[in-house]
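Report on the structure given below.
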Amino acid sequence: MALNVFDHDDYRPVWKSYLYQLQQEAPHPRRLTCTCEVENRPKYYGREYHGMISREEADQLLSQAEGSYLIRESQRQPGTYTLALRFGNQTRNFRLYHDGKHFVGEKRFESIHDLVTDGLITLYIETKAAEYIAKMTINPIYEHVGYTTLNQEPTLKKHLPLSPDVQDGPVPAKDDAEERLTSLVRRATLRESDLMPKYEKVHNFKVHTFRGPHWCEYCANFMWGLIAQGVKCADCGLNVHKQCSKVVPNDCQPDLRHVKKVYSCDLTTLVKAHNTKRPMVVDMCIQEIEARGLQSEGLYRISGFSELIEDVKLAFDRDGEKADISSNVYEDINIITGALKLYFRELPIPLITYDAYPRFIESAKITDPEKRLESLHEALKLLPPAHCETLRYLMAHLKRVTDYEKDNLMSSENLGIVFGPTLMRAADLDAMTALNDIRYQRLVVETLITNEDVLF
């Protein structure tokens, strides 16, 4: 069960088999069928339903075999149902629910048989290996190898699981093993890259059902159960136990296989997936605007046709940095400015984040110009690095827009009116407070534009 020592020039993760062995040993479900016809049996229960019998009667019926189970209606609360399950030489009772699927806790199952199978596995493993599970996160495999992506796959084919520890369990099929390894070792391969922006990003873990045997890519232990055995990062594909997810470092490196769009994608996720300092949509739109639009009257104030703006959005979502936004396709520069504003509006976390929002608003309320600048400088430190870099780049651009104010009629105040509500918003404010904040949002952006060379 011990993890082999790693050769750092040849990453060979060893998948630990102990928990897999325990799952194989867990009692199998034995349905105790009712031999008589029971009235008012719910249509979603089968012959395992015994009607309104007491706990003592259920205990007696189940006493002959581990893993045997039945369903009964509660005598104390008619209309509610209990799963009675034999485990560890005693009968355990669980309140049973149905909402289209069967459940006694968080997991939901298509059938009672699957629910009982998963329950027996969980009870058996957590009983036999409680101390082992509590220590799983000590000396994890992750500390040695990190994780990687498919674009390193050719060099990883020699790194399939090698271990005398797993001889008693099936070695995963080649495709399955390689799929797991494609989300391992990325930090090691990218550590020396000077091009890689040093942006920290938390993993976007979601409960996941794995098909076939899977091992945790943090602790290297088997992920037990029939469904919802662990969690998977929706951005990079890292697979770990739920308890391991709490201690995984904030070093998610998104994989383009999982990041399928540009708009409405978390900003840090997008730049890490594309290995850029800023979102490509920001760079490309600003470059296009500065190439042919700085003297356009009402720049950013005048809206382009919404249908064409949606076309630009779809082009970025479909083609990424290959999207064509040149004048050959979109002659009206207001379509490009509209697409840029739409990108910022659709960010799930605003460019000036929810967490930093109150600090920026408080800074705008300071009447002394010098103190306001000092306060804004501190507020900028609250932004994630990718957000701060993108804001810096945008403010430098807007400053250049104001250099052509005689032609485009867009002062820093006018741009503040346009971009205030676009770049910052509170998570949950009542309508009156939100309305009152608009003037402070304008003042924040106006001050950032005017003093971009000092603040960034």
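Worth knowing before you read on, the calculation uses all heavy atoms, side chains too, and leaves out hydrogens, waters and symmetry mates.
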Problem - Validation row: Lys101, Phe103 side chains within 4.5 angstrom (heavy atoms) - result: no
Practice task
Any chance you could measure His208, atom NE2, to Cys233, atom SG, to the nearest 0.5 Å?
Solution key: 12.0 Å
Practice task
In sequence, state the C-alpha distance, the side-chain angles, and the governing distance for Asn334 and Tyr300, and then conclude on side-chain hydrogen bond (donor to acceptor under 3.5 Å, both in side chains).
Solution key: CA-CA 7 Å; Asn334 296 312; Tyr300 286 113; over 6 Å; no
Problem - Pair Leu394-Thr390, side chain to side chain contact (heavy atoms under 4.5 Å, CB included): steps then yes or no - result: CA-CA 6 Å; Leu394 176 63; Thr390 304; 5.5 Å; no
Handout entry: Over all atoms of both residues, closest heavy-atom pair of Cys285 and Phe316
Key = SG-CE1, 4.1 Å
Exercise for the section: Check for a donor-acceptor pair, side chain of Thr209 on one end and backbone N or O of Ala228 on the other, with a separation under 3.5 Å. Expected result: yes
Practice task
May I ask you to decide if Phe222's main-chain N or O and His241's side chain share a donor-acceptor pair within less than 3.5 Å?
Solution key: yes
Practice task
Walk me through it: do Tyr20 and Asn221 pass the test side-chain hydrogen bond (donor to acceptor under 3.5 Å, both in side chains)?
Solution key: CA-CA 8 Å; Tyr20 178 82; Asn221 280 289; over 6 Å; no
Exercise for the section: State which residues pass ring-ring contact (aromatic ring centres under 6.0 Å, His included) with Phe456; sequence neighbours excluded, sorted by chain then number. Expected result: none
Handout entry: Residue list, side-chain hydrogen bond (donor to acceptor under 3.5 Å, both in side chains) with Arg345, at least two apart or on another chain
Key = none
With a cut-off of 3.5 Å and sequence neighbours excluded, list every side-chain donor-acceptor pair involving residues 375-388.
unit_1	atom_1	unit_2	atom_2	d
Ser375	OG	Ser363	OG	2.5
Glu378	OE2	Lys381	NZ	3.1
His387	ND1	Pro350	O	3.3
His387	ND1	Leu351	O	2.9

Problem - Tyr263 backbone acceptor or donor facing Asp317 side chain under 3.5 Å - result: yes
Exercise for the section: Check whether any side-chain heavy atom of Leu270 lies under 4.5 Å from a side-chain heavy atom of Thr276, and answer yes or no. Expected result: no
Handout entry: Heavy-atom side-chain contact between Asp407 and Glu297 under 4.5 Å
Key = no
Handout entry: Over-ring placement of Arg92 relative to Phe87, 6.0 Å and 45° cut-offs
Key = no
Practice task
Look at the side chain of Glu446 and the backbone N and O of Gly416, then say whether any donor-acceptor pair between them is shorter than 3.5 Å.
Solution key: no
Exercise for the section: Please report the C-alpha distance between Tyr218 and Gln243 in whole Å, then the side-chain angles of each, then the deciding distance to 0.1 Å, and finally whether the side-chain hydrogen bond (donor to acceptor under 3.5 Å, both in side chains) criterion is met. Expected result: CA-CA 10 Å; Tyr218 182 80; Gln243 75 178 70; over 6 Å; no
Exercise for the section: For the pair Phe205 and His203, name the ring-plane relationship: parallel under 30°, tilted 30 to 60°, perpendicular over 60°. Expected result: parallel
Handout entry: Working for side chain to side chain contact (heavy atoms under 4.5 Å, CB included), residues Met424 and Asp437
Key = CA-CA 10 Å; Met424 58 191 301; Asp437 276 2; over 6 Å; no
Exercise for the section: Please tell me if the side chains of Met223 and Trp215 come closer than 4.5 Å, counting only heavy atoms from C-beta onward. Expected result: no
Fill in the blank from the handout: Output for pair (Leu398 CG, Ile289 CD1), nearest 0.5 Å, gives 9.0 Å
Problem - Shortest non-hydrogen contact between Arg425 and Gln441, atoms and distance - result: CA-NE2, 4.4 Å
Exercise for the section: Identify the heavy atoms of Ile336 and Ile325 that sit nearest to each other, and give their distance. Expected result: CD1-O, 3.7 Å
Handout entry: Within-4.5 Å side-chain heavy-atom neighbours: Val282 and Leu340
Key = yes
Problem - Distance-minimising heavy-atom pair for Ser296 and Asn408 - result: O-CB, 3.1 Å
Handout entry: Heavy-atom side-chain contact between Glu389 and Tyr199 under 4.5 Å
Key = yes
Exercise for the section: List for me each residue that meets side-chain hydrogen bond (donor to acceptor under 3.5 Å, both in side chains) alongside Asp324, sequence neighbours excluded, and say none if there are none. Expected result: Ser326
Exercise for the section: Not counting sequence neighbours, which residues clear salt bridge (Lys or Arg N to Asp or Glu O under 4.0 Å) with Arg292? List them please. Expected result: Glu288
Handout entry: Side-chain (Lys107) to main-chain (Ile227) donor-acceptor, under 3.5 angstrom
Key = yes
Practice task
Identify the heavy atoms of Gln23 and Gly225 that sit nearest to each other, and give their distance.
Solution key: OE1-N, 2.9 Å
Handout entry: Donor-acceptor pair, side chain of Trp224 and main chain of Leu19, under 3.5 angstrom
Key = no
Practice task
Could you label the plane-to-plane angle of the His98 and Tyr44 rings as parallel, tilted or perpendicular, counting under 30° as parallel and over 60° as perpendicular?
Solution key: parallel
Handout entry: Over 12 foreign heavy atoms within 6.0 Å of CD, Glu321
Key = no
Exercise for the section: Taking the six-membered ring of Tyr440 (Phe, Tyr or Trp), confirm whether the NZ or CZ of Lys365 is under 6.0 Å from its centre and within 45° of its axis. Expected result: yes
Practice task
Say whether, by atom type as modelled, one donor and one acceptor occur between the side chain of Asn451 and the main chain of Thr447 under 3.5 angstrom.
Solution key: yes
Problem - Distance (rounded to the nearest 0.5 Å) between Ile309 CD1 and Leu342 CG - result: 7.0 Å
Practice task
Before giving the answer on side chain to side chain contact (heavy atoms under 4.5 Å, CB included), spell out for Glu413 and Arg442 the whole-Å C-alpha distance, their side-chain angles and the decisive distance to 0.1 Å.
Solution key: CA-CA 7 Å; Glu413 181 180 358; Arg442 174 193 61 76; 3.8 Å; yes
Practice task
Please report the closest heavy-atom contact between Tyr330 and Asp311, naming both atoms and the distance.
Solution key: OH-CB, 3.5 Å
Handout entry: Short side-chain to backbone donor-acceptor contact, Asn414 and Leu409, under 3.5 Å
Key = yes
Practice task
Using a 4.5 Å cut-off on heavy atoms from C-beta on, say whether the side chain of Cys252 contacts that of Asn204.
Solution key: no
Exercise for the section: Would you check if the side chain of Asn239 reaches a backbone N or O of Lys232 as a donor-acceptor pair within less than 3.5 Å? Expected result: no
Fill in the blank from the handout: Only one of Val281, Ile352, Thr422 passes side chain to side chain contact (heavy atoms under 4.5 Å, CB included) with Phe344, and that residue is Thr422
Practice task
Supply the atom-to-atom distance Ser306 OG to Lys313 NZ, rounded to the nearest 0.5 angstrom.
Solution key: 12.0 Å
Exercise for the section: List the steps, then state whether side-chain hydrogen bond (donor to acceptor under 3.5 Å, both in side chains) holds for Glu290 with His397. Expected result: CA-CA 8 Å; Glu290 296 198 352; His397 161 65; 2.7 Å; yes
Handout entry: Residues that His274 engages under side-chain hydrogen bond (donor to acceptor under 3.5 Å, both in side chains), provided they are two or more places apart
Key = none
Practice task
Measure the spacing between CD1 of Ile286 and OG1 of Thr337 and express it to the nearest 0.5 Å.
Solution key: 11.5 Å
Handout entry: Derivation and outcome, salt bridge (Lys or Arg N to Asp or Glu O under 4.0 Å), residues Asp235 and Lys272
Key = CA-CA 10 Å; Asp235 296 331; Lys272 286 183 74 72; over 6 Å; no
Problem - Reported CG-to-CZ distance for the pair Leu443 and Arg372, which is rounded to 0.5 angstrom - result: 4.5 Å
Exercise for the section: Please tell me if the side chains of Thr137 and Cys219 come closer than 4.5 Å, counting only heavy atoms from C-beta onward. Expected result: no
Problem - Asp114 backbone acceptor or donor facing Asp118 side chain under 3.5 Å - result: no
